[in-house]
Protein chains: 2
Amino acid sequence: MVGDLAILSPDYRRYVGNQAQRMAWSLQSGDVLVLPVEPDESFLRYVTSQLKIERSSVEVLVPPPGIYGDGVLSRDRLADEGFRRRLRRVVAERDVRKVLPFHFDSNIVSLVKWLGLGDVTPGFGFLEQGGGRLLNSKSTFRALAGGAGVPVPEGKVCSSIEAAEVFMWTELLSRGFPGILKRDFHVAGFGNEIVSPVSDVEPIGALRTVVVDDRAELAKYLAERWDWLTDGGCRPVVIERYFVDSVPICAEFQVDDQGVEQTGHGEMRMAPVLNGHVWPAPSCDLPAFGLFLEAARRLCGPIHAMGYRGVVSVDAVVTPDGDFLINEFNCRVSGSTHAYHIAERVVGLGKSWDRVLVEQRRCTFPRVSVAVKALRQSGLAYDHDARCGVLIAVDDNSPSGGFGEYCVVAEHMDDAQAIEAEIADLFAAITESIATRTFDAGAGA
Amino acid sequence: MVGDLAILSPDYRRYVGNQAQRMAWSLQSGDVLVLPVEPDESFLRYVTSQLKIERSSVEVLVPPPGIYGDGVLSRDRLADEGFRRRLRRVVAERDVRKVLPFHFDSNIVSLVKWLGLGDVTPGFGFLEQGGGRLLNSKSTFRALAGGAGVPVPEGKVCSSIEAAEVFMWTELLSRGFPGILKRDFHVAGFGNEIVSPVSDVEPIGALRTVVVDDRAELAKYLAERWDWLTDGGCRPVVIERYFVDSVPICAEFQVDDQGVEQTGHGEMRMAPVLNGHVWPAPSCDLPAFGLFLEAARRLCGPIHAMGYRGVVSVDAVVTPDGDFLINEFNCRVSGSTHAYHIAERVVGLGKSWDRVLVEQRRCTFPRVSVAVKALRQSGLAYDHDARCGVLIAVDDNSPSGGFGEYCVVAEHMDDAQAIEAEIADLFAAITESIATRTFDAGAGA
């Protein structure tokens with residue numbers, strides 16, 4: 001989804017690979033979990049106990065490291081013969097009939113076919129003929145959004161540098177608006193840049209902000225970056241108005257043979273730092289929210305009709321004026337999918353939610369057994385009776401630290417924030433005490 | 001639709017430009033017709049009289065020749081300022097509210113927007129954001145056909161040369177089947193080649209047939225042609241099994257806000273020469289025809305849901321076994337659209353047809369006034385009472401000749417073929433007599 005994996009630093013690849021532990025929250029009894037990085041056994045016991053399933057009822061497989069190491073499930077790793085044979089055996093033993101990959105790309109298609117699961121996989125006919133790639137394109141999003149008539153940022157799919165310059169200058173920069181330029185096939189902002197007529201525009205969802213003062217500077221920027229923006233002239237680039245001080249939100253849907261079902265909605269946490277999500281989206285109190293949800297569901301109509309089956313995550317920005325503008329969809333497991341599984345399977349939330357879930361990413365944890373014990377002793381751990389407390393969503397399974405994620409379940413946002421402060425203190429204290437003890441032990445040796 | 005117009009010979013561009021006269025059969029009172037080549041006034045009077053509308057009720061505009069001459073409506077011609085101003089004035093005077101281009105590409109989108117007709121054009125939101133291009137892709141066809149589960153030739157969308165070689169060899173050539181390789185964005189066979197393990201495979205709908213004897217030769221072929229097949233690595237290539245001795249047929253649908261309506265179906269004439277179509281398709285008597293029509297309509301479902309509005313032409317082949325396999329759709333005016341308009345507006349055919357229409361392409365005619373008179377005198381001209389006879393569908397408006405098209409309306413195929421033989425004799429006699437007279441006149445001068 002990022003094109004060449006080599007553009008990701010080894011550290012970032014490990015971060016992303018570690019994040020794959022989120023998939024553990026989707027486990028059900030009898031499942032097989034394939035991960036890029038070997039998880040800590042304590043973490044698996046912790047998650048399965050929260051999900052109230054037996055640890056022994058699920059199998060975890062990790063293919064050998066590949067050309068990009070063990071951070072991501074690269075194609076060569078999924079093609080490893082020993083891994084494939086083990087997987088096929090386990091799939092047969094357990095009579096597995098459903099596949100939930102993070103993203104149904106051509107490598108997963110070939111693996112699923114090899115496992116003999118193509119016929120039972122909903123939407124496989126579409127995926128097998130490149131449907132995943134088709135929907136993973138930002139120009140496809142623009143066309144379908146235009147077709148569905150949903151509110152989107154002013155924008156254009158540009159195949160020529162002349163068209164890009166005219167649109168960018170006439171419709172955006174000359175009117176004082178920044179624009180975001182999106183490469184057709186990239187994920188998580190890795191293919192996006194912002195071009196702005198004013199400085200101090202923070203590049204949220206983009207690599208950087210480039211300030212241009214006049215049309216000549218814009219032309220110079222486009223000439224320099226056109227090759228990168230268009231994959232060497234191969235693909236169009238999507239240009240949209242970029243809204244400063246807007247809040248990114250997302251609504252998630254499950255698209256299956258029966259139709260389109262809303263799963264939930266969330267919002268990116270912008271302050272004090274950009275760190276994780278909160279579910280449900282606090283913006284749901286705004287007057288236009290109902291119309292946004294209706295539009296997001298309408299956009300799933302063509303995706304369903306085209307033959308895709310699975311998760312659809314619809315992204316939007318809430319402008320300072322309270323308008324909701326849809327700016328992307330993603331047909332894959334999203335950064336919220338595990339949270340909806342936690343909400344449903346651990347917290348027991350259904351159609352109407354009486355809890356908020358708040359996520360912190362890039363946290364440093366002690367070893368998971370220590371962290372879980374500390375949470376329990378301090379009374380912060382998730383309590384199944386009170387349906388409140390802290391869950392370790394992703395183990396900080398990295399020597400350098402900072403890859404962990406936790407999720408606070410609370411009745412109100414205020415409570416959640418109070419708990420977050422307590423956790424920070426608790427983990428800081430543990431880390432310090434471990435460091436001291438290690439130091440003491442080292443000194444005493 | 002062919003990528004670079006320069007790949008077409010000047011002669012072929014004039015042929016295609018001349019063919020645009022078919023659009024005259026879609027005229028209704030008050031319309032404005034834009035053509036690449038100035039039509040003969042006699043032809044316009046002929047068509048309007050057949051359609052029972054006043055010649056004076058329609059306006060015909062031809063923009064000045066462009067960088068590719070006057071054969072095709074290239075972008076520069078549609079952008080010509082004088083033409084645009086004239087068109088806008090006429091559109092305003094006549095209160096025109098509907099646009100029927102041959103293909104709704106980005107040039108037409110920009111013209112329609114400039115004319116202020118975007119808001120009243122169904123599907124404009126989709127088209128404005130590159131929807132036309134999205135649907136004009138053969139890989140999109142494969143994904144949507146896979147999603148709709150319609151019968152298609154065994155095939156694959158290949159992004160890598162390795163995948164292409166494996167599929168082509170394992171699934172096709174080694175089993176004795178030829179394959180057709182289709183570039184993603186090309187029309188009318190200009191981007192298709194056939195690769196066959198046996199010789200004597202006629203390349204219908206393709207540029208040529210390449211015979212390969214073994215896998216090494218296949219690898220060599222792919223290595224040589226990969227750049228061409230993939231537009232320099234930019235696009236995937238679609239590979240499908242190619243059926244020798246199969247008959248190409250097409251079903252046409254009108255997709256509008258209300259839904260999907262079938263317009264008709266036709267078949268390509270394969271013998272004695274590949275020349276034009278016959279409507280309805282004679283294959284409609286085969287047992288599987290009903291299922292094919294149902295599948296073709298199902299395939300229009302996602303196209304409708306995506307937001308396209310207009311003509312959808314679904315192509316298929318009828319194999320020697322009587323199977324119908326869908327191998328393409330085209331979201332634009334087709335080579336049959338004018339015939340359905342003739343059938344409806346001239347012959348008065350509705351849901352059930354009591355006539356067949358048979359087309360001859362690439363015919364040489366005398367001047368249209370002479371040809372019409374000769375048809376009338378010989379009793380071959382279309383008769384509105386008998387609802388039978390010959391219509392000149394496209395004037396042979398070219399000094400070199402051979403660009404004309406006529407359409408025979410008859411009760412049965414046998415009658416139509418008898419009339420065809422008579423026309424051939426008639427036109428041959430006229431051409432000879434004109435040549436003789438011209439020679440005599442020249443000799444006498």
Side-chain angles (χ1 to χ4, degrees), chain A residues 75 105-107 109-110 118 122-135 137-152 155-160 163 166-167 184-185 230-238 240 298-309, chain B residues 75 105-107 109-110 113 118 122-135 137-150 152 155-160 163 166-167 184-185 230-238 240 298-309:
Chain A
R75 179 166 56 172
D105 70 1
S106 59
N107 303 315
V109 165
S110 106
F124 196 71
F126 174 73
L127 295 165
E128 196 184 3
Q129 297 291 335
R133 187 174 160 83
L134 179 63
L135 287 177
S137 138
K138 298 188 200 312
S139 59
T140 299
F141 160 76
R142 289 293 304 188
L144 297 191
V150 302
V152 293
K156 194 177 163 82
V157 181
C158 297
S159 294
S160 78
V166 168
F167 176 79
D184 203 14
F185 284 121
T230 61
D231 270 319
C234 284
R235 305 289 318 177
V237 59
V238 168
E240 282 173 356
R298 203 159 72 241
L299 188 52
C300 293
I303 297 171
H304 177 264
M306 289 165 79
Y308 174 78
R309 298 294 178 262
Chain B
R75 178 167 57 173
D105 70 1
S106 59
N107 303 316
V109 164
S110 106
K113 206 169 175 178
F124 196 71
F126 175 72
L127 296 164
E128 196 185 5
Q129 298 292 334
R133 187 175 160 81
L134 178 64
L135 286 178
S137 140
K138 298 188 200 311
S139 59
T140 299
F141 161 75
R142 289 292 305 187
L144 297 191
V150 302
V152 293
K156 193 175 161 83
V157 180
C158 296
S159 294
S160 78
V166 168
F167 176 78
D184 203 14
F185 283 122
T230 61
D231 271 317
C234 283
R235 305 287 320 175
V237 59
V238 168
E240 282 173 356
R298 203 159 74 241
L299 189 51
C300 294
I303 297 171
H304 177 264
M306 290 165 80
Y308 174 78
R309 299 294 179 261

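Each chain gets a letter, A, B and so on, in the order the sequences are listed, and its residues count up from 1. Everything numeric here is computed off the predicted structure, so don't read it as measured data.
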Please report the closest heavy-atom contact between A/Ala143 and B/Gly130, naming both atoms and the distance.
CB-C, 4.4 Å
Looking at B/Ala148, B/Gly155, B/Gly123, B/Ser106, which has the largest count of heavy-atom pairs under 4.5 Å with chain A?
B/Gly155
The criterion is ring-ring contact (aromatic ring centres under 6.0 Å, His included); which residues satisfy it with B/Phe141, sequence neighbours excluded?
B/Phe329
When heavy-atom pairs shorter than 4.5 Å are enumerated against chain B, which of A/Arg133, A/Arg309, A/Glu128, A/Arg142 gives the highest number?
A/Arg142
Using ring-ring contact (aromatic ring centres under 6.0 Å, His included) as the criterion, list what pairs up with A/Phe126, not counting sequence neighbours.
none
Counting only heavy atoms not in B/Arg75, do more than 12 fall under 6.0 Å of its CZ?
no
Any side-chain heavy-atom pair from B/Leu134 and A/Leu134 closer than 4.5 angstrom?
yes
Where B/Ala305 and A/Ala305 come nearest, the two heavy atoms and their spacing
CB-CB, 3.4 Å
Atom pair CD/NZ of B/Gln129 and A/Lys156 - distance to nearest 0.5 Å
8.0 Å
B/Arg235 side chain reached by A/Arg235 side chain, heavy atoms, under 4.5 Å
yes
For chain A, which candidate among B/Pro236, B/Gly307, B/Gly125 shows the most heavy-atom pairs at distances under 4.5 Å?
B/Gly125
